[in-house]
Amino acid sequence: MPPEPSSSGAGPRRYRPVLAFILDNLVWLILLVALTAFGLFIPKFLQIGIFLNILEQSTFVGVIAVGLSLTLVAGEMDLSVESVMALAAMLVALTFGTGGAGGGLELHPAWLAFPVSLAMALGIGAAVGALNGLLVVRFEINAFIVTLASYIWGRGLVVALSGGRSVYGLPDALRGVAVQRLLGVPLLAWVLIVVYLAFAFLLAKTPFGRHLFMIGGNAVASNRAGIRVARNVILAFLLSGMLAGLAGWLLASRTAGATANLGIGMLFQAFAAVVIGGVSLRGGVGRLSGVFAGVLLLSSIQTAINVMGMPPHYTMMIQGLLVLAAVLLDTAKNNLRRSYF
Amino acid sequence: MPAAALLEIIDIRKSFGAIEALRGVTLSVFPGEVVALLGDNGAGKSTLVKIVAGELRQSSGRVVYDGIERHFASPGDAKAVGIETVYQDLSLCTNLDVVANFFMGRELTRRVLGLPVLRDREMEAETARALAAGGTQIPSLRTRVEHLSGGQRQAIELNRFVHWGGKLVILDEPFAALGVEQTRRGLETVDRVRARGIGVILITHVMAQAFAVADRIVVMRQGAIAGDLRTGETSPDEVVHLITGGIERIGAAPRHVQVQPEKGANA
């Protein structure tokens, strides 16, 4: 065996860091191109207001996409995020809503509704997440099956709890996060940004995050290295559930209530964003910055179609094509990597 | 030889359903001793070391390590008391870089607001030092392991156990993917580890490797010890006979082993 084969001569080597950087951040480049194209061809698209709107709209899908990414990185998946989000929203709305099926609970002082409802949403998310994790780890049931079941019964529970009726009229204490702005930027957008920063840090800079990548890459080796695989996987599901709970709380606040079909379809958008963002479905690969760009890209396309006045079903068709394009792109990227690195 | 054994395996049995993989194995390893474990495929070598490494639990029998009977619930437990294992199928996360793999499960951290945060720069520097000390050249420590050659991967594993030390090292066919020169370096590594007073169990199929580095050669056959010999007092021929079962049991094997009676060639 020759000592340390130098991969492909001196030429490409010089460009390798540049190429690597481009490949790693390809989604951002695509986002930039898309936004530029929209700006050029759609009148009145280039406005701060529209960009803030894109950001704000991305919040719900964006937050559940983080949970989905955590579980995918660990080599599992969490399909239940959409239903958990709806469940959390419905519970909050049923408890505090004043109209429809709402219970109209009033707390004194009134601001108490804010922390109490948040705790409820996070709590229900954590409970479903922990259940998912336990079933996957202790009973060794495939995560796809476990979380598909949760996706179905979660939605069923939402319908059952509400009796199919909608809830409206949430107290002001709960509406604040959806209507207030900070430094001219909607609070919802701030929440999205903070969630991404926090979890990007968790994944990249803490032992927990690194261990999730290791488990997703090689669970046997992780176990041999003394990493507590079961505990980390359950924790990933728990966090995913809590993030879905948070998304539900934000969604209830935003819609000032809840309906039985709240948020339907967001799972697929989240999945699309995650795949476009470069998270591997085989586990162990992905970065939240890519996912963030993926979420923004989907949301930008949606907004562009709205602004152009095109029928909304075009959004779904384009998003579907985008997912396919993303997977093809991923394969192409890997081939390129293999020949240059 | 020091009086106290580092590791004593006493009458270990292990069944997988109806299959008896280990049928009463007794073996000891002393500090600073290299024991080569030989045997045909399916002789039970890997099962035995997986029990010592905490990955499997024995059906009966005792594992005494460092003078205390141990019941490892996980590989992490064995690692915590200083048993390092290099497996036949590599235990690397190929989706991560060299540094992450080197520090797998033992990341250096500092506390920031009570949260453990990885100290990447320190880990990279330490990995670089350890690899340089082991004579391994890897272009960039930030390369993902999937882009490295089989030899480079094995070198990472070997350097990893040398760096972390411990008291007992189990090497399950560690040189399988290595070239001639790298194997020579690997054997030197084993020598260095022994010189530090660490006990080594080396599983191998290659007779020459066993004779090159081992103090003692233990042969397993059909889930039992077929022979336990000092390297200087045996020959490759004898060991081959033991492996294939063509000879009466020799040495301090604790339990009688069934051998084919028609072959009576003695050493």
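The chains referred to below are lettered A, B, ... by the order of the sequence lines, with proteins before strands, and numbering in each begins at 1.
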Non-hydrogen atoms of chain B under 4.5 Å away: do they reach the side chain of [X], the backbone, both or neither?
X         : result
Phe201(A) : side chain
Ala219(A) : neither
Ser280(A) : neither

Heavy-atom pairs under 4.5 Å with chain A - which of [options] has more of them than the others?
options                                    : value
Glu84(B), Glu55(B), Arg119(B)              : Glu55(B)
Thr85(B), Asn95(B), Val117(B), Leu148(B)   : Asn95(B)
Leu115(B), Asn101(B), Asp120(B), Thr109(B) : Asp120(B)

Residue [X] excluded, over 12 heavy atoms near [atom1] under 6.0 Å:
X        : atom1 : answer
Ile19(B) : CD1   : no
Arg57(B) : CZ    : yes
Arg70(B) : CZ    : yes

Item to complete: Quick one: which of Ile227(A), Thr206(A), Val285(A) has the most heavy-atom pairs under 4.5 Å with chain B, could you say?
Response: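 The candidate making the most pairs under 4.5 Å is Thr206(A).
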Practice prompt. Give the member of Gly226(A), Ala204(A), Gly217(A), Pro207(A) that has the highest number of heavy-atom pairs under 4.5 Å with chain B.
Written response: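 Option with the greatest count: Pro207(A).
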Worksheet item: Between the side chains of Glu8(B) and Ser28(B), does any donor sit under 3.5 Å from an acceptor?
Response: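 Side-chain D/A pair, Glu8(B) to Ser28(B): absent.
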Discussion item. Given heavy-atom pairs under 4.5 angstrom as the criterion, report whether the side chain, backbone, both or neither of Asp77(B) touches chain A.
Written reply: neither
Worksheet item: What part of Thr94(B) gets closer than 4.5 Å to chain A, counting heavy atoms only: side chain, backbone, both or neither?
Response: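 Looking at Thr94(B), nothing touches chain A.
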Worksheet item: Does Glu69(B) have any salt bridge (Lys or Arg N to Asp or Glu O under 4.0 Å) partners at least two apart in sequence or in another chain, and if so, which?
Response: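 Expected list: Arg62(B).
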Discussion item. For Gly17(B), is there any backbone N or O sitting under 3.5 Å from a side-chain donor or acceptor partner on Ser15(B)?
Written reply: no
Worksheet item: Should the ring pair Tyr196(A) and Phe292(A) be called parallel, tilted or perpendicular, given that the plane angle runs from 0 to 90° and is split at 30 and 60?
Response: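 If you compare the ring of Tyr196(A) with that of Phe292(A), the planes turn out tilted.
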